[in-house]
Amino acid sequence: MQNYHVVKKVGVILNTDTRNKLLVVSSLVCVVLLVIATFFDLQISNAVINYNSIFGTVFQTVGESPIHIVFFLSGQIGIAYACRHLRDKVFAVFLFVGSVSLSVWQMKQFLNVVLSYTFSAINNVHKHRPIGLANSDGMAGTGSLAMSFLICLVVYLIFTAILQYYWLHKQSDQQLARYLLVAVFASLTVWFAEEVNATLKNDWGRFRPYELNASQTNFTSWLHPNGINGHKSFPSGHTMAGISCVIFSWFATKQRTREILWVFGVVWGILVGISRIVIGAHFLSDVTFSFFLTAAIIYIMRALYQELVSDSLRTCLISKKSDIVLLKSEF
């Protein structure tokens, strides 16, 4: 047991050191890209913009999904935890109702976004317009209310059954408690990132590339806030949601799985950011600032988790026959 604690402590130090180095390197990359964007934002946008891009249209449709999935997953964990702790009926009822509400609402939001962009793309094709043209700040409807409700209900019940029966039902009480703790931090992280992004969007009032007039005289640098005017190019909401995909790695208990999910999240965030420039919804500075601001928020929240939560809650003890396997639940 003493050997385990020594190894665990060294591992934490090495991991923290590596993460700090990555943060420094990422910050330098951010500064370089923002300097480039300061002088060439408009030129880069004009050079790569393509409203007929399939790549841009696909990521425009599904790029924001990570934030909704994080909330949905957190709600599902809350449901499972409430069902395991019926002894405290008041706590269980409130947690259950709140978790169901959260997961249902986020499934609805996810489907609204995906269906809205999908219908917009189909409508553009029918009217012989570029497929990627879509109003990012006021999307089209998603069809009839009854049909939307039916689709949401069916999809919600299917994924709830899968997660509850094939995953959460099989977890020990201690592992489920660990998941609940991670879910709370994950939800707070996404919520805070969304609030910061939305506030900056409203206050900056920057025109999107597709909102510029023919002479592009209403283009402004990312260093120039215009105030609240209904335009919301800076920073990119899709990119914020894209890099939030990294948060899925927090739920993994195996180191290899955690690393794969982390790399996938970074790649997903980069692809979403590039797609937003290609489709004409954002400038390079919009996606760069959003990517690294959100990454910084994720880094801080993860560090807070490690600082504030005791090892007894962050460590899952699993017994397998005569062996005892200790799994440390760090993100």
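- Panel note: side chain Ser290, backbone Ser236; a donor-acceptor pair is recorded below 3.5 Å.
- Ring planes of Phe159 and Phe72: perpendicular class, angle over 60° (limits at 30 and 60°).
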Problem set entry | Test side chain to side chain contact (heavy atoms under 4.5 Å, CB included) applied to Phe40 and Leu284, step by step | CA-CA 9 Å; Phe40 302 106; Leu284 173 62; over 6 Å; no
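- Nearest heavy-atom pair, Ala252 versus Leu261, reported as atom, atom and distance to 0.1 Å: CB-CD1, 4.1 Å.
- You'll find the ring centres of Trp191 and Phe71 outside the 6.0 Å limit.
- No more than 12 heavy atoms of other residues, nucleotides or ligands sit less than 6.0 Å from atom CZ of Phe192.
- At a threshold of 4.5 Å between non-hydrogen side-chain atoms, the residues Phe289 and Leu200 count as touching.
- Other residues sharing the hydrophobic cluster of Tyr165, ordered by chain and number and joined by side-chain separations under 4.5 Å: Leu150, Val154, Ile158, Ile162, Tyr166.
- Separating the CD1 atom in Ile151 from the CE atom in Met107 is a distance of 12.0 Å, to the nearest 0.5 Å.
- Here CG of Asn197 is found 10.5 Å from NZ of Lys232. Values are rounded to the nearest 0.5 Å.
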For this session: Verify ring pair (Phe, Tyr, Trp, His ring centres under 6.0 Å) between Phe248 and Phe264, making sure each step is shown before the conclusion.
Result: CA-CA 10 Å; Phe248 292 130; Phe264 176 81; 8.3 Å; no
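- Judged by distance alone, with hydrogens and angles left aside, the side-chain atoms of Gln76 form no donor-acceptor pair with the main-chain N or O of Leu163 at under 3.5 Å.
- Once rounded to the nearest 0.5 Å, the distance linking CD of Gln106 with OG of Ser101 reads 11.5 Å.
- Counting heavy atoms from C-beta on, the side chains of Phe59 and Tyr117 never come closer than 4.5 Å.
- Put simply, CD1 on Ile44 and CZ on Phe283 are 11.0 Å apart, with the number rounded to the nearest 0.5 Å.
- A heavy-atom distance below 4.5 Å is not found between the side chains of Tyr305 and Trp250.
- Scanning for ring pair (Phe, Tyr, Trp, His ring centres under 6.0 Å) contacts around Phe292 gives an empty result, with sequence neighbours left out.
- For the ring pair (Phe, Tyr, Trp, His ring centres under 6.0 Å) test, no residue two or more places apart in sequence or in another chain qualifies with His169.
- Not counting sequence neighbours, the partners of Arg256 by the salt bridge (charged side-chain N to carboxylate O under 4.0 Å, His left out) test are Glu259.
- Of the possible polar contacts, none joining the Asn112 side chain to the Ser116 backbone as a donor-acceptor pair under 3.5 Å is found.
- The closest donor-acceptor contact from the side chain of Trp204 to the backbone of Ser233 lies at 3.5 Å or more, if one exists at all.
- Put simply, CD on Gln175 and CG on Leu168 are 10.0 Å apart, with the number rounded to the nearest 0.5 Å.
- The closest donor-acceptor contact from the side chain of Ser45 to the backbone of Asp41 lies at 3.5 Å or more, if one exists at all.
- Panel note: side chain Asn218, backbone Asn213; a donor-acceptor pair is recorded below 3.5 Å.
- For Trp167, the ring pair (Phe, Tyr, Trp, His ring centres under 6.0 Å) partners two or more places apart in sequence, or in a different chain, are Tyr179.
- The shortest distance between side-chain heavy atoms of Leu95 and His85 does not fall below 4.5 Å.
- We find the CG-OG1 distance between Leu34 and Thr38 to be 6.5 Å, quoted to the nearest 0.5 Å.
- No more than 12 heavy atoms of other residues, nucleotides or ligands sit less than 6.0 Å from atom CZ of Phe94.
- Here Arg206 pairs with Asp286 in a salt bridge; the nearest charged N to carboxylate O distance falls below 4.0 Å.
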Problem set entry | side chain to side chain contact (heavy atoms under 4.5 Å, CB included) between Ile247 and Ile298, worked out | CA-CA 8 Å; Ile247 295 175; Ile298 292 173; 4.2 Å; yes
Exercise. Would Ser27 and Val24 satisfy side chain to side chain contact (heavy atoms under 4.5 Å, CB included), going step by step from the backbone distance to the final call?
Worked result: CA-CA 5 Å; Ser27 299; Val24 172; 5.7 Å; no
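- His238 places a side-chain heavy atom less than 4.5 Å from the side chain of Glu64.
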For this session: Apply the test side chain to side chain contact (heavy atoms under 4.5 Å, CB included) to residues Val114 and Ser65: give CA-CA distance (whole Å), side-chain angles for both, the deciding distance (0.1 Å), then the verdict.
Result: CA-CA 8 Å; Val114 172; Ser65 58; 5.7 Å; no
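- Under a 3.5 Å cut-off, the side chain of Ser221 and the backbone N or O of His224 do not form any donor-acceptor pair.
- Other members of the hydrophobic cluster containing Val97, listed by chain and number, are Val93; membership follows side-chain contacts under 4.5 Å among ILVMFWY residues, whether direct or relayed.
- Formation of a donor-acceptor pair under 3.5 Å by the Arg178 side chain with backbone atoms of Phe251 is found in this model.
- Using a 4.5 Å cut-off on side-chain heavy atoms (C-beta onward), Met240 and Phe291 make no contact.
- The shortest side-chain heavy-atom distance between Asn50 and Ile279 does not fall under the 4.5 Å cut-off.
- Looking at Arg208 and His282, their side chains come closer than 4.5 Å, going by heavy atoms from C-beta outward.
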